[in-house]
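Written below as structure tokens is the structure these notes are about.
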2 protein chains.
Amino acid sequence: MSNPSTSSEGGRRIQAVETTCELLDALRERDGAGVSELTRETGYSKATVHAHLATLLENEFVVKRGNRYEISLKFVDFGEFAKNSVAIHDIAKQEVDKLAEQTGEVAQFMVEEHGRGVYLHKARGKNAIRTASYTGERKDLHCTALGKAILAQFPRERVEEIIDEHGMAAHTENTITTREELFDNLETIRQENVAYDDEEALSGLRCVAAPIVYKNGDIQGAISISGPTSRFKDERFRDELAEVVRGAANVIEVNSTQV
Amino acid sequence: MSNPSTSSEGGRRIQAVETTCELLDALRERDGAGVSELTRETGYSKATVHAHLATLLENEFVVKRGNRYEISLKFVDFGEFAKNSVAIHDIAKQEVDKLAEQTGEVAQFMVEEHGRGVYLHKARGKNAIRTASYTGERKDLHCTALGKAILAQFPRERVEEIIDEHGMAAHTENTITTREELFDNLETIRQENVAYDDEEALSGLRCVAAPIVYKNGDIQGAISISGPTSRFKDERFRDELAEVVRGAANVIEVNSTQV
DNA sequence: GTAGCTGTTTGGTCATTGCGAACAATTAAG
DNA sequence: CTTAATTGTTCGCAATGACCAAACAGCTAC
């Protein structure tokens, strides 16, 4: 039923829109930029860049501060809207907050989009370490517990597509970088209903995640607890925390406004 | 030095980009939409709408779920980025949280952009009422305490421009709808360094706001406390709460990473 | 099975995009 | 203070490509 195909489909494109998207991405990448800077960066002529920015400015997707153009706060509105469009967002947020409170660690909530994982909420308990992830960050799925919990619910063919598009870049020496290893891991995850990240994204960081799945098999996302390896020893890591996360995921599944 | 002119400037525009912006706005307005729906809504041909959406999809600014296109979570990333570009965001957020904790009411933080106010953070204390405002919401400046606190720092000519563009729509019978009244009020605000909203945005709701200003006169935003008229009686409203908000604004001014 | 709704695709034309280059307005250097 | 080197803005022109109309396909419902 759902058709979230990852591969780029055929059909016609609007080049001017393509250009504008590139400019927006460039503005996001850098901390805003001037016309000349963008000209050098993107290869478009100054006149072209200028006209695009003028249009984006008029439509308030961009702000002009002196001679610099920056991503506008309109994106905050749109982003908030998109976040709330995620059916389970509110309940997931609640449960993540509870998880952080209960465990004292970092709890997070992720959803898949365009073949990557998007962090939608993060709560920090009393002993929580500072993780680099931030709300809205988009990260490859193969290298986090959250991502693997999501991938485990996808049909193999879909996972292949995603890897074809985004690869399996290594972040630490523990990162899974071969398909064989990944599919083995995903099978285990399906059996245990929990995904582990043992310093695969960042050394010193461990993570337990549970998928949030509807009865019809549609994957909705995943939640996790993260912390330092020193506090995530085997007993607590594999049993206690795993159970807590699974429980929270279950609460979300039950309470979510289902279709 | 700064050049945040409100009026639309001359120069060339890219029509295709204009079209895409309209489509994005329409997608935001509705809860996502299909091609035919957008065709009716915007007046563009089906082929045009389709091509634009295909381009936006490829650039991941939009998601396709079945046959509906929706604003993507990429906007969350961009929005978060834009929020953090506001120099005083972090410290303001902290102080707003404290305000809510201390007073038990709703505390908020607003910044100006494109002649309107954008809510950037909201915290709810123990007795806080449910206000309709949400993070990212863009609201006319004349009808809230936050907005008026901001307007009070602008030169009169700039305020005139903003009113020319956005008008002074009435939300309650207390809303300020004439320029004379507004400029009188702004003068008082400048003297007291606090702005009041006495059921001007929503009946039953009162609000105290203080502007956040740098030494060079650049206005950075405003923070506020809101609550029911029943709890915001004159003594507490005009003295206690006003002082608390002013104090918090001052903390932000001092602690902000100044230029 | 037909009718009405979707989304997608295809030609063709005219407007428009995008470039080069000149102009203006700052800033940096001498 | 003058010159030089940036920046942003505007203009004219040529070729591209954006837009529409209409045909096609896929789905649902009646």
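Chain letters run A, B, ... following the sequence lines, proteins first, then strands; residues in each count from 1. Keep in mind it's a predicted model, so treat the numbers as computed, not measured.
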Review point. Yes or no on side-chain contact (heavy atoms from CB on, under 4.5 Å) for B:V118 and B:E137, after CA distance, side-chain angles and deciding distance?
Key: CA-CA 6 Å; B:V118 185; B:E137 184 184 1; over 6 Å; no
Review point. Which nucleotides of nucleotides 18-24 of chain C have their base under 4.0 Å from a protein heavy atom (B), which only their sugar-phosphate (S), and which neither (-), written as one string 5' to 3'?
Key: BBB----
Point to revise | Euclidean distance, A:M110 CE relative to A:I212 CD1, rounded to 0.5 Å | key: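 One finds 11.5 Å between CD1 of A:I212 and CE of A:M110.
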Check your understanding: Quick one: CG on A:L57 to NE2 on B:H114, what's the gap to the nearest 0.5 Å?
Key ->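 Going from CG on A:L57 over to NE2 on B:H114, the span is 5.0 Å.
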Rounded to the nearest Å, what distance is computed from the [atom1] atom of residue [X] to the [atom2] atom of nucleotide [N]?
X	N	atom1	atom2	value
A:R68	D:dT9	CZ	P	14 Å
A:E37	D:dT6	CD	P	15 Å
B:L38	C:dT8	CG	C1'	15 Å
B:L53	D:dA18	CG	C1'	15 Å

Point to revise | Pair B:E70 + B:K64, salt bridge at N-O below 4.0 Å | key: no
Review point. Is it true that A:D25 and B:K74 have a side-chain N and a carboxylate O under 4.0 angstrom from each other?
Key: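 Yes, charged N to carboxylate O under 4.0 Å.
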Review point. Taking OP1 and OP2 of C:dT9, is either one under 4.0 Å from a side-chain nitrogen or oxygen of A:R13?
Key: no
Check your understanding: Given C:dT8, is OP1 or OP2 found less than 4.0 Å from the side-chain N or O atoms of B:H50?
Key -> yes
Exercise for review: Please work out which of the three classes, parallel, tilted or perpendicular, describes the rings of A:F78 and A:F61, given edges at 30° and 60°.
Suggested key: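 It falls in the perpendicular class, over 60°.
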Review point. To 10°, what angle do the rotation axes through the five end pairs on each side of the helix from C:dG1-D:dC30 to C:dG30-D:dC1 form?
Key: 40°
Review point. What do the steps show when you test B:Y119 against B:L146 for side-chain contact (heavy atoms from CB on, under 4.5 Å), and what is the final call?
Key: CA-CA 9 Å; B:Y119 290 101; B:L146 285 163; 3.6 Å; yes
Review point. If we ignore angles and hydrogens, is there a donor and acceptor under 3.5 Å between the side chains of A:S45 and A:T48?
Key: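 Side chains of A:S45 and A:T48: pair found under 3.5 Å.
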